[in-house]
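Following: one structure in structure tokens, then a few remarks.
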Amino acid sequence: MSKELAELLFSKIDKSPEDYESIYPKRNLKEGAMVTRLGPSPTGFIHLGNLYGAFVDERLAHQSGGTFYLRIEDTDDKRFVEGAVDTIIDSLEFFDINFDEGASKEGDKGSYGPYFQSQRAEIYQCFVKKLVEEGKAYPCFMTEEEIAEVRANQEANKENPGIYGKYALNRDLTLDQVKAKLEEGLPFVIRLKSDGVSGENAKQISVEDGIRGVLTMPENFQDTVILKTTGIPTYHFAHVIDDHFMRTTHVVRGEEWLSTLPIHVELFTKLRFELPIYCHTAQLMKIDEEGNKRKLSKRKDPELSLDFYKEMGYHPTAVREYLLTILNSNYEEWRKENPELPCEDFPFTMEKMSNSGALFDLNKLNDVSKDTLVKISAADLYDFLLAWAKEFKTEIVSLLEEDKEYILRILDLDRDGNKPRKDFVCASQMFEYISYFFDKHFKLEDTMPMETTEEDVKKIVARYLESYDHTDDQSQWFDKIRKIGAALGYAAKPKDYKKNPDDYKGHVGHVSTVIRIALMGRSQSPDLWGIQQILGEAKTRERLTKFK
RNA sequence: GUCCCCAUGGUCAAGUGGUUAAGACGCCACCCUCUCACGGUGAAAUCAGGGGUUCGACUCCCCUUGGGGAUACCA
């Protein structure tokens, strides 16, 4: 009877399960090679949490000599967004996450496709048919109203909600009953006929998770929908079929899937497929407005979309470094010992991953970013800044292109030696930070120190300009400032002023701040002398003259 | 409601029965110093609570609490 039913429901399916086993044979990879995948739904929205997970997949596969592929999980047509696939690929590529196989801008790549679930209906249906044949799945015609009624009853009786056991009204329909309903043209879904039981008699299943160790949970008992009215499977079924036939060895996914794991285990078992190794990652969290820890969410956290980092101009390497520090707690230590090695050399392990959700920490990212950027050459930094500007700050592109040499010197200011400056965090901040070098962006931002008077300020600038010699070395230059200050009643050494504040108006630091503001518009900057050398004599004099 | 996962300073965390409970970010102070940054030194700050088990619990078990997730023909 099951066979007839299966034939009735899926008359168009001509391939057999065995056919697919040979179409998608086991991959010929070396021992220990992992096959991982990213399975985004095509909303086109990728956030830091996705990148976090993708990074795990990527590292695992590439570190082991395996394969990392992209599969588009578009079983929910309501979610489709045009151009989403390209967006996903671009976003990930920016952060150096590259796929070996799967959906790509040039179409499917690899021999385990199609890589869009919406194009795999035949494959899924073949196995749904098989399950029906074996009496492990059945058509269900229950209407929304019927389901709602069941639920209401269950709630009233304090029973587990869902379609299972005696509540699965269409579980044991006869062939004739099915035929009759079909003739009426009633829509139906295919449900799994679960062997599990609800409540105290439920069996416990154990699954070894790559990150969390042995997980023990009650078996599934729900007659979960595996094929929707549309003939497209639900995530659960598509996952099982795809990861089996794409020969995924490690399923890395967020912990929100933990509670549906028993469904997947039952499906794998009923299909007689080997279970992949599941790796359930903790979710990245953030603190919301009410001060609660919360999962990063697509709708509420646009600032945590990957685009945010691109727009701010965070360097992809910095983001990777940061992610690695929260992914594997021993990464920072390793990085300290191996400052020059690429992060790909770090032996990434699942066991070192945290089981609890990390809170995203912008402070930490900034710190990691400073350390990352300080290791990047001025030339590369320039290219990065320019590329960023072309996309997000076009008005400064010509400025950057006009005099590359000038900018290289600015970017390299005081970055050598064993105590290099670490001024740069991200592209937007970089430009802001060096903007005073450009007349167009130069403006007076800070006020003169309160230790100085208006009159003194004028005198200081005038005398400084008068004595200015561009060929002075740093100490000659600074001696002059000391003298100018001393003549006006400012201590030549800050310590003298601190000891006897009443003897002086201020100290040489205040004097140089005056010059700094006159020259840069700001009270804080890298070494003044070095800046003047880059600015050049003409511009230095010009700014001082203008200031008077 | 039910089920599942998680729980060490503000944040990320080391720790797997005996430790002065690492380290990093942030914060604060001091040093270096013409400002800032860098660098250095130091400080404050953590085992959610309650029961067990044990000679001994951050560590093992139970309960409570808190947080997260699932409970869809969404993924």
Side-chain angles (χ1 to χ4, degrees), chain A residues 39-41 43 73-76 78-79 117 140 142 144 147 151 154-155 158-162 187-191 198-199 202 209 212 215-218 222 224-230 232-236 238-239 253-262 280 282-283 285 287 292-295 322 325-326 329-333 335-336 352 354-368 370 374 414-415 417-424 433 446 449 478 481-482 485 492-495 507-517 520 522-529:
Chain A
S41 57
T43 58
E73 310 211 329
D74 53 352
T75 53
D76 182 12
K78 291 184 285 297
R79 284 200 184 196
Q117 290 183 329
C140 173
M142 285 175 75
E144 272 181 55
I147 293 173
R151 171 178 295 271
Q154 288 165 330
E155 270 169 24
K158 297 203 165 145
E159 287 182 286
N160 286 320
F188 65 94
V189 297
I190 303 292
R191 287 183 185 274
S198 149
D209 186 279
R212 290 160 194 260
L215 297 169
T216 305
M217 41 182 70
Q222 298 273 356
T224 312
V225 172
I226 56 177
L227 200 68
K228 307 185 211 177
T229 320
T230 52
I232 294 293
T234 55
Y235 168 85
H236 309 300
H239 150 57
R253 37 139 83 149
E255 63 185 340
E256 70 269 25
W257 292 109
L258 230 29
S259 38
T260 47
L261 183 56
H280 290 97
Q283 292 286 2
M285 315 282 262
I287 297 281
N292 300 316
K293 211 172 176 180
R294 196 193 71 212
K295 171 181 158 185
Y322 170 69
T325 65
I326 56 177
S329 52
N330 52 330
Y331 181 74
E332 282 190 272
E333 199 182 329
R335 174 49 83 206
K336 209 172 172 184
K352 277 282 176 191
S354 173
N355 288 357
S356 54
L359 226 42
F360 174 75
D361 185 354
L362 194 64
N363 269 329
K364 187 76 179 181
L365 203 215
N366 288 155
D367 182 68
V368 169
K370 280 184 178 182
V374 81
D414 240 357
R415 281 207 328 147
N418 54 355
K419 286 200 290 184
R421 295 191 67 89
K422 297 178 180 173
D423 291 323
F424 303 135
Y433 194 81
D446 292 331
F478 194 62
I481 295 182
R482 281 207 164 99
K493 291 184 176 161
K495 274 188 179 158
H507 62 75
V508 66
H510 301 123
V511 179
S512 64
T513 297
V514 169
I515 298 164
R516 180 169 271 117
I517 291 175
M520 262 100 65
R522 314 179 176 181
S523 60
Q524 300 175 355
S525 80
D527 172 53
L528 243 180
W529 180 82

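To find a chain, count down the sequence lines: A is the first, B the second, and so on, and within it residues start at 1.
Between A:His239 and A:His236, a ring centre-to-centre spacing not shorter than 6.0 Å is recorded.
For the P atoms, the distance from B:U8 to B:A14 is 10 Å, rounded to whole Å. Using P as the reference atom, B:C27 and B:C34 are 24 Å apart when rounded to the nearest Å. For the C1' atom pair drawn from B:A7 and B:C47, the interatomic distance equals 10 Å after rounding to whole Å. Between B:U19 and B:C28, the two C1' atoms lie 28 Å apart (nearest whole Å). Between the P atoms of B:G10 and B:U35, the separation comes to 34 Å (whole Å). Taking the C1' atom of each, B:C73 and B:C62 are spaced 41 Å apart, rounded to whole Å. For the P atoms, the distance linking B:C25 with B:G18 amounts to 29 Å, nearest Å. Annotation: B:A44 and B:C30 have their C1' atoms spaced 15 Å apart (nearest Å).
Of the candidates B:A75, B:U11, B:C5, the closest approach to any side-chain atom of A:Leu215 belongs to B:C5. In the set B:C34, B:C32, B:U11, B:C34 carries the atom at the smallest distance from any side-chain atom of A:Arg482. Residue A:Pro218 places its side chain closer to B:C3 than to any other of B:A37, B:A75, B:C3. Distances from the side chain of A:Thr260 to the nucleotides B:A75, B:A37, B:C25 place B:A75 closest. Nearest nucleotide to the side chain of A:Glu73, out of B:A75, B:C12, B:C73: B:A75. For A:Lys422, taking side-chain heavy atoms from C-beta onward, the closest of the listed nucleotides B:C12, B:A14, B:G39 is B:G39.
In this structure, the CD atom of A:Gln524 is 12 Å from the P atom of B:C38, given to the nearest Å. Rounded to an integer number of Å, the gap from A:Asn355 CG to B:U8 P is 11 Å. Remark: P of B:C3 and CG of A:Asn160 are 8 Å apart, rounded to the nearest angstrom. A:Glu255 places its CD atom 11 Å from the P atom of B:G68, with the value rounded to the nearest Å. Straight-line distance from the CD atom of A:Glu333 to the C1' atom of B:A14: 9 Å, rounded to whole Å. As rounded to whole Å, 10 Å separates atom P of B:A13 from atom CG of A:Asp361.
At the phosphate of B:C3, neither OP1 nor OP2 sits under 4.0 Å from any side-chain N or O atom of A:Lys158. OP1 or OP2 of B:A14 lies within a sub-4.0 Å distance of a side-chain N or O belonging to A:Ser329. When the side-chain nitrogen and oxygen atoms of A:Lys228 are compared with OP1 and OP2 of B:C74, one or more of them lie within a distance under 4.0 Å. Side-chain nitrogen and oxygen atoms of A:Lys419 include none within less than 4.0 Å of the OP1 or OP2 phosphate oxygen of B:U33. Under 4.0 angstrom from either OP1 or OP2 of B:A75 there lies no side-chain N or O belonging to A:Thr234. At least one side-chain nitrogen or oxygen of A:Lys370 sits closer than 4.0 Å to the OP1 or OP2 atom of B:C38.
Mapping A:Val508 and A:Cys140 onto RNA chain B by nearest heavy atom places A:Val508 at the nucleotide closer to the 5' end. Heavy-atom distances to RNA chain B give each of A:Ser354 and A:Trp529 a nearest nucleotide, and the one nearer the 5′ end belongs to A:Ser354.
If you check every strand for non-hydrogen atoms under 4.0 Å, A:Val225 touches sugar and phosphate atoms only. Within 4.0 Å (heavy atoms only), A:Arg522 reaches no atom of the nucleic acid at all. Counting any heavy atom pair closer than 4.0 Å across all strands shown, A:Pro494 reaches sugar-phosphate atoms only and no base atom. Using a 4.0 Å heavy-atom distance criterion, A:Pro161 is classed as a base contact. Within 4.0 Å (heavy atoms only), A:Thr216 reaches sugar-phosphate atoms of the nucleic acid but no base atom.
Counting distance only, with no hydrogens placed and no angle test, the side-chain atoms of A:Ser512 and the base atoms of B:C34 include a donor-acceptor pair under 3.5 Å. The base of B:C34 sits with one of its N or O atoms less than 3.5 Å from a complementary donor or acceptor on the side chain of A:Asp527. Residue side chain A:Thr229 reaches the base of B:C73 through a donor-acceptor N/O pair under 3.5 Å, judged by distance alone. For B:C36, the base has a donor-acceptor partner in the side chain of A:Arg421 [N/O atoms by modelled type, under 3.5 angstrom].
With a 3.5 Å ceiling on both atom-pair distances, the Watson-Crick or G-U wobble partner of B:A70 is B:U2. Look at B:A13: it lacks any Watson-Crick or wobble partner with both distances under 3.5 angstrom. Partner assigned to B:A43 is none, using Watson-Crick or G-U wobble distances below 3.5 angstrom. Base pairing annotation: B:C60 forms a Watson-Crick or G-U wobble pair with B:G52, both donor-acceptor distances under 3.5 Å. Shown here, B:C32 forms no base pair; nothing in the strands shown gives a Watson-Crick or G-U wobble contact with both key distances under 3.5 Å.
Taking the six-membered ring where tryptophan is involved, the planes of A:Phe424 and A:Tyr433 are perpendicular, since the angle between them exceeds 60° and thus also 30°.
Residues A:Ala238 and A:Thr75 approach most closely at CB-CG2, 4.4 Å, considering heavy atoms. Listed here is the closest heavy atom pair of A:Gln524 and A:Arg516: N-CD, 4.0 Å.
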